[in-house]
Amino acid sequence: MSTETAAVAARPAAAPSLTAVFVRLKLTLLRNGLRQSTGRTLAYVSSVLVGLLFASAVVVGLIALRGNPHVGALVVLLTGILTLGWAAMPLFFPASDETLDPTRLVMLPLRPRPLIVSLLVTSLVGIGPVVTLALVTGSVIAVADGVAAAAVGVVAVVLVVLVCVSLARAVATASVRLLTSRRGRDLAVLSGLFIAIGAQGVNIAAQKLGRSDGLSVLEPLGNVLRWVPPVSAVGAVDDAGHGAYGRALAGLGLTVLALVLLLWWWQRTLTTLMTSPDSSTLQAVEKDSARRGGERGLARLLSRGRTGTVILRTLRYGWRDPKSKMSWSTALAAGLLVPVISAVQGNGSIYTAFSAATLLGMQMYNQFGQDTSAFWMVASTIATPRDAYQELRARAVALALVAVPYVTLVVIGSAALIGPWSAFLEVYGLSLAVLGALLATGALSSALFPYSIPSEGNKNVAPGQGAIAWFSLFGGVVAGAVLCAPLLGLTIWLHVAGLHHLLWVLLPAGVVYGVGIAVLGLRLAAPRVAGRLPEILVAVSKG
């Protein structure tokens, strides 16, 4: 054996490409995940088919619009929405791809720069990048006019896809510790709410677009977005088709600069993540304990008796418990969204402000089920109807601390956006009366029709208790509406009799009536809670 042959034989085998290893890892995990169950396979295949069908329909529509003088504004807006979706996706779905979680790679001897290249290439494997590629390609085809525009379009497609994927990975890396914490899981729980609000916004925009003169209404927004990367790359294709090669070059340059900055930010945050301690270290725990040593804010103002303790506990549940936070956030957002949507659509009424009082008042229902398995600790402190009354009263006060200012703001905003201001006092008074009625019926419903809320999963009602939940909620809301009948009758009579100058009395009447009916409901519910405590414990523990 020659010396050269011996040297070659002694030379260690070349290490496999890190990128190839990551790609194979992702494909292997995907294949093994699909083998776990038929349902998971069907769900994945269905999502792929839906994504491809959606992308195909959009691409066909964009190609059909080719030649429209305003199609450039449309594709610019579409690319902007696509980029925003990629930026928000890691915040709402942090566990969608565990192979890209950099915290799992901290103990491996990997350098940030080659690791970023491998993660970037791996991120391109999936249905999301494929759909993005199809949509951007369709956008480019819709505006490309000429050989120069087609050449710019090829570069633009690559840049837009790379920027979108890099943006998602950089955001995920920068916020990975938040997303894997309790607050991050809370954010993921709220994703459905943000998606619903976004879908409603798209619906309103589509309706306005249908009533307008066409795509020309998008031109002002398109003129602004076309200079925001990576949208500027798609705008560059349109500019190249019209002979504005300087503008086209500037648009591509902005997108390239954005890609470079994103990769730099990604590398820096990745280096920090893999070399710095996290909040699980002893120093962080000691710092956190020291920070919480003294009570602050509302805790200082509340009494140290049962009432103050229950108020603070209820508010902390609404802020910290994922299910409670989801319920509160949905009520707050929807109560504000209904008047705003009505105002935007041009057919609104100030009376839509009742949605705020209704949705917040419904948070009083199933109070004990919201405690889940911790209710036994509360039950151990209730021995008499007086104890039950103090418990219910404190929970109602905690809800009112949020609901009353919120209802006030919504009614004021509705009067300002929709009008008229002359109806403000009556709507405000009736809203407070509705809130008080729902607090009363919610307390009674919590005592008579409790049900369990599972701690895990997306279900809000334990199996077998759906009928109880529906009856408790809708029956209580109907009862609340019936309780408001006297004030509603007074309002109708004042309008019919032409006594509009006396409508102001509905505000003090609503305050007095709301407080009175709420107190009455709490007093009626208290002895029932004390007498049915074992049944309530069993009902809320079934989940």
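Nothing here was measured: the structure is a model prediction, and the numbers come from that model.
Within the 4.5 Å cutoff, side-chain heavy atoms of L263 are placed close to those of S166. A heavy-atom distance below 4.5 Å is found between the side chains of S431 and V427. Annotation: side chain of V163 is in contact with side chain of T255 (closest heavy-atom distance under 4.5 Å). The side-chain heavy atoms of V160 and V140, taken from C-beta on, include no pair separated by under 4.5 Å. The closest side-chain heavy-atom distance from W266 to L115 is not below 4.5 Å. The side-chain heavy atoms of L162 and L262, taken from C-beta on, include no pair separated by under 4.5 Å. Looking at L507 and F424, their side chains never come closer than 4.5 Å, going by heavy atoms from C-beta outward. Between I127 and L52, the closest side-chain pair of non-hydrogen atoms falls below 4.5 Å.
Between the side chain of Y406 and the backbone N or O of A356 there is no donor-acceptor pair closer than 3.5 Å. A distance-only check finds a donor-acceptor pair linking the side chain of R226 to the backbone of G235 [under 3.5 Å]. R66 contributes a side-chain N or O that, together with a main-chain N or O of A144, makes up a donor-acceptor pair within less than 3.5 Å. In this structure, S232 contributes its side chain and G251 its backbone to a donor-acceptor pair below 3.5 Å. At distances below 3.5 Å, at least one donor-acceptor pair connects side-chain atoms of Q370 with backbone N or O atoms of Q363. In this structure a side-chain-to-backbone donor-acceptor pair under 3.5 Å is missing from Y428 to I412. Under a 3.5 Å cut-off, the side chain of T173 and the backbone N or O of A170 do not form any donor-acceptor pair.
Atom CZ of R247 is separated from atom CG of D238 by 9.0 Å, given to the nearest 0.5 angstrom. With values rounded to the nearest 0.5 angstrom, T314 atom OG1 is found 9.0 Å from L399 atom CG. Of the inter-residue distances, the one linking L249 atom CG with L254 atom CG reads 10.0 Å to the nearest 0.5 angstrom. Within the model, atoms CD1 of I418 and OG1 of T352 stand 4.0 Å from one another, a figure rounded to the nearest 0.5 Å. With rounding to the nearest 0.5 angstrom, the CZ atom of R169 is 11.5 Å from the OG1 atom of T269. Atom CG in L133 sits 9.5 Å away from atom CG in L124 (nearest 0.5 Å).
Take Y351 and apply the ring-ring contact (aromatic ring centres under 6.0 Å, His included) test, not counting sequence neighbours, and it matches F354.
Minimum heavy-atom separation, L435 to A403: CD2-CB, 3.8 Å.
Applying the side-chain hydrogen bond (donor to acceptor under 3.5 Å, both in side chains) definition to pairs two or more places apart or across chains, those involving residues 131-150 are W86-T132.
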